[in-house]
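Working notes for the structure below.
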Amino acid sequence: MKVSFNDGSIREYQDGTTLFQMIKDACPELTKKALGACFNGRKSDLSTAINEDGALDIFTFEDDGGREVYRHSSAHAMAQAVMRLFPGTRLAIGPAIEKGFYYDFDSEHAFGPEDFIRIEDEIKKIIKEDIPIVRKEVSRDEALKMFRDMEEQYKVELIEGLPEDAVISLYEQGDFVDLCAGPHLSSTGKLKNIKLMSVAGAYWRGSEDNKMLQRIYATSFPEKAMLDDYLYKLEEAKKRDHRKLGRELGLFVLLDEGPGFPFFLPKGMVLRNSLERFWREVHDEAGYMEIRTPIILNRELWERSGHWDKYRDNMYFTVIDEEDYAVKPMNCPGGMLIYKQGLHSYRELPMRMAEMGLVHRHELSGVLHGLMRVRAFTQDDAHIFMLPSQISAEIKGVIDLIDKVYTMFGFPYHLELSTRPENSMGSEEQWEIATNALKQALDEKGLPYKINEGDGAFYGPKIDFHLRDSLDRTWQCGTIQLDMQMPERFDLTYIGEDGERHRPVMIHRVVYGSFERFIGILTEHFAGAFPTWLAPVQARVIPITERHLEYAQKVHDILKDAGIRVEIDARSEKVGYKIREGQLQKIPYLLVVGDKEAESDSVAVRHRKDGDLGARPLYDFVGDIQQEISSRANK
RNA sequence: GCCGAUGUGGCUCAGAGGCAGAGCAGCUGAUUCGUAAUCAGCAGGUCGGCGGUUCGAAUCCGCCCAUCGGCUCCA
């Protein structure tokens, strides 16, 4: 028996050699005691698997690879259980994913949570049966015949899609067999703690034109404590949901009267206005000019921009004086028209025109999601017109700007590069130049990125910045799109050094993405406890009794004059009650005032995270909070 | 748009053919209190909408709308 280790070494063992001996052999530096501890304490964390050569692999769950094997074998066990309970079900695919695994089934029976317990019980039986998992390699014809006989048409389709010379392997565990490249655990007995999470529809092969299958999502861990920890974190994460916090903190509402059209409440507007102010400041520094273009423009414009042709399904229309108009789904055409006012010299370029543009897009009803995916949103857009020689520097400038903003909020992000989609405008050559320009900028910055083939905008390729929400779903926020189509379509020109007209290149870009989505991400990131500079209410004065109202009012007025967003809780409630309310509202500072404070012109400061900080002279506190706000401390 | 689930006062939820309920929030009054819930009273709902079955529907059936979890699509 060949055994390969994580360090890459491969050793030959006699059959029947124990795992203990193998590990001891691989890690001679470990004392016997340490080895014992390793087995006793975290025994289940070490597992064996049949690898792609049919040899044995030893891994730990902590490795990405080991975890994937564990989850993938869990998926097979779940599929086996489903097949036992619901004969006639057809199998599609069942991979491991970041937080667990899923398996897609085609079944007459609609799976629901009430089936989960039965399926989990059957999985437990399969684990208890400790069925050896066996790898077999078969010829293409054998595999096709077998799955045809079993009427597993999805497996047949998968095999037909494999290259001629592909090695076809099967993994067999008792009454269950699956087409699979592996690797897998050496037996079902090594599995533990498999929990079914949810069921959802998913198209076969991810295409809307195919049949919709039933996808059961589940997860698994080698130790119960790990599963409990995961479920606990999931519950905690739900408390950060911006839809829940948005209601609790009075930031925004979504109503049946306008699905996907958010209403911003006074506190939400304060937050939003702070973001706008910050945005204007950074853009002014970065050399942008601000413009504003109309929301409704005529049909001719949208035909010229290509939106009428390529984007119509997502647009809202109206008729004015018997002429067709459309509500803008993007800001660029308006920006083009502004550029076209008058002649431009090469000396004016790059010209950076920013616009907080309200756009409307008719998104499918099923995709709406709080503030993250809406039908009306304001993009913090900008269009940069430039000479071809300025492309690289401008792209890098935008990357730096986005990085600066995200870093300041403390957001981790990742990058994706999207290339030419099917439904696109322009020549192959133009797309190649544009795509390479983006790639080059990323490479020169030394930034890692993922490529999304065919995911670009219809007018050009793009670099997307993705941020994560509380449940680790990622949302595209910032984007940089290089466009060689619009300048052509709108016949944009500049006068070059040679006195001739030339075609400028254009970048579309957003930093926040949209105010709506960004506020959603921001809310979840901070769990509603926004840094003081963003907090809708920055301080709340809490008089201990009615006797202290007068002094409280004085504190309030002084803070307000100092530019602090402050309010008084004048209700005749106990201090504890008011503190609780203030904490739940995540107000950064609660200022308790009673006799002591009134006598000494001070406030008893309570910070929402640090708790009671004791009394401070009022003017010292004012200075501190002003400093904290003006520095935009991420506290 | 597709698959599945859900929809009862502002919020969180109970009620599963026979009088629409609780807690919190709100209002009124009492209490005047030192760092996460003071007490009492009052008020508040065409049970998402429309239609059907029934002597009788929040409850059963159908259609629609919205929301939630995914898929597809996207800032």
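For clarity, every value in this text was computed on a predicted model and none was experimentally measured. Protein chains get the first letters and strands the later ones, always in sequence-line order, with residue 1 at the start of each.
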Exercise. Any donor-acceptor pair under 3.5 Å joining the side chain of Tyr203(A) to the base of G1(B)?
Worked result: yes

Spacing of the [atom1] atoms in [M] and [N] (rounded, Å):
N: U28(B); M: G44(B); atom1: C1'; result: 15 Å
N: G52(B); M: U59(B); atom1: C1'; result: 15 Å
N: A16(B); M: U54(B); atom1: P; result: 24 Å
N: G70(B); M: G62(B); atom1: C1'; result: 27 Å
N: U8(B); M: A66(B); atom1: C1'; result: 16 Å
N: U38(B); M: A25(B); atom1: P; result: 9 Å
N: A40(B); M: U31(B); atom1: P; result: 16 Å
N: C42(B); M: A5(B); atom1: C1'; result: 39 Å

Partner nucleotide of [N] by Watson-Crick or wobble geometry (both distances under 3.5 Å):
N: G10(B); value: C24(B)
N: C63(B); value: G49(B)
N: G18(B); value: C55(B)
N: G34(B); value: none
N: C2(B); value: G70(B)

Taking [atom1] from [X] and [atom2] from [N], how many angstroms apart are they, rounded to a whole number?
X: Asp313(A); N: C2(B); atom1: CG; atom2: C1'; answer: 16 Å
X: Leu368(A); N: C71(B); atom1: CG; atom2: C1'; answer: 15 Å
X: Leu364(A); N: G1(B); atom1: CG; atom2: P; answer: 7 Å
X: Phe101(A); N: G70(B); atom1: CZ; atom2: C1'; answer: 16 Å
X: Arg373(A); N: A75(B); atom1: CZ; atom2: P; answer: 8 Å
X: Asp455(A); N: A75(B); atom1: CG; atom2: C1'; answer: 13 Å
X: Asp209(A); N: G1(B); atom1: CG; atom2: C1'; answer: 12 Å
X: Leu249(A); N: G10(B); atom1: CG; atom2: C1'; answer: 15 Å

Exercise. With respect to the phosphate group of A75(B), does any side-chain polar atom (N or O) of Gln476(A) fall under 4.0 Å of OP1 or OP2?
Worked result: yes

Exercise. Side-chain N or O of His362(A) less than 4.0 angstrom from OP1 or OP2 on C74(B)?
Worked result: no

What's the closest nucleotide to the side chain of [X] if the choices are [options]?
X: Arg243(A); options: A75(B), G69(B), C3(B); result: G69(B)
X: Tyr217(A); options: G1(B), C74(B), C71(B); result: C71(B)
X: Arg473(A); options: G69(B), U72(B), G26(B); result: G69(B)

Mind checking [X] for me? I need base, sugar-phosphate or nothing, with any heavy atom below 4.0 Å counting as a touch.
X: Arg205(A); answer: nothing
X: Val374(A); answer: base
X: Gly478(A); answer: nothing
X: Arg361(A); answer: base
X: Arg571(A); answer: sugar-phosphate
X: Met372(A); answer: base
X: Lys244(A); answer: nothing
X: Ala200(A); answer: base

Taking the side chain as every heavy atom from C-beta outward, state whether [X] and [Y] have any atom pair closer than 4.5 Å.
X: Thr479(A); Y: Ile463(A); result: no
X: Arg517(A); Y: Leu371(A); result: no
X: Phe264(A); Y: Phe515(A); result: no

Exercise. Is it true that Glu524(A) and Arg240(A) have a side-chain N and a carboxylate O under 4.0 angstrom from each other?
Worked result: no

Exercise. Are Lys578(A) and Glu581(A) ion-paired here, with the side-chain N under 4.0 Å from a carboxylate O?
Worked result: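 Salt bridge between Lys578(A) and Glu581(A), a charged N being under 4.0 Å from a carboxylate O: no.
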
Exercise. For Arg247(A) and Leu255(A), take the nucleotide of RNA chain B holding the closest heavy atom to each; which residue's nucleotide lies nearer the 5' end?
Worked result: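 Whichever sits nearer the 5' end wins; that is Arg247(A).
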
Exercise. Of Asn314(A) and Ser365(A), whose nearest nucleotide on RNA chain B comes first from the 5' end?
Worked result: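 Nearest nucleotide further toward 5': that of Ser365(A).
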
Exercise. Any donor-acceptor pair under 3.5 Å linking the side chain of Arg616(A) with the backbone of Val603(A)?
Worked result: no

Problem set entry | Side-chain donor or acceptor of His72(A) paired with backbone N/O of Glu68(A) under 3.5 Å |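 Judged by distance alone, no pair lies under 3.5 Å.
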
Problem set entry | Contact summary for Leu245(A) and Ala527(A), nearest pair of heavy atoms |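 Residues Leu245(A) and Ala527(A), closest heavy atoms: CD1-C, 3.5 Å.
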
For this session: Output yes if the stacking criterion (under 5.5 Å between centres, under 30° between planes) is met for Phe377(A) over the base of A75(B), else no.
Result: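 Phe377(A) vs A75(B): stacking yes.
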
Problem set entry | nucleotides 29-44 of chain B: protein proximity per nucleotide (B base, S sugar-phosphate only, - neither; heavy atom, under 4.0 Å) | --BBBBBBBB------

Exercise. Side-chain donor-acceptor pair under 3.5 Å between His508(A) and Asp381(A), yes or no?
Worked result: no

Seminar exercise, completed: side chain to side chain donor-acceptor pair (under 3.5 Å) with Tyr459(A): of Gln485(A), Lys310(A), Gln481(A), only one passes, and it is Gln481(A)

Problem set entry | His525(A)-Phe409(A) aromatic ring centre distance below 6.0 Å | no

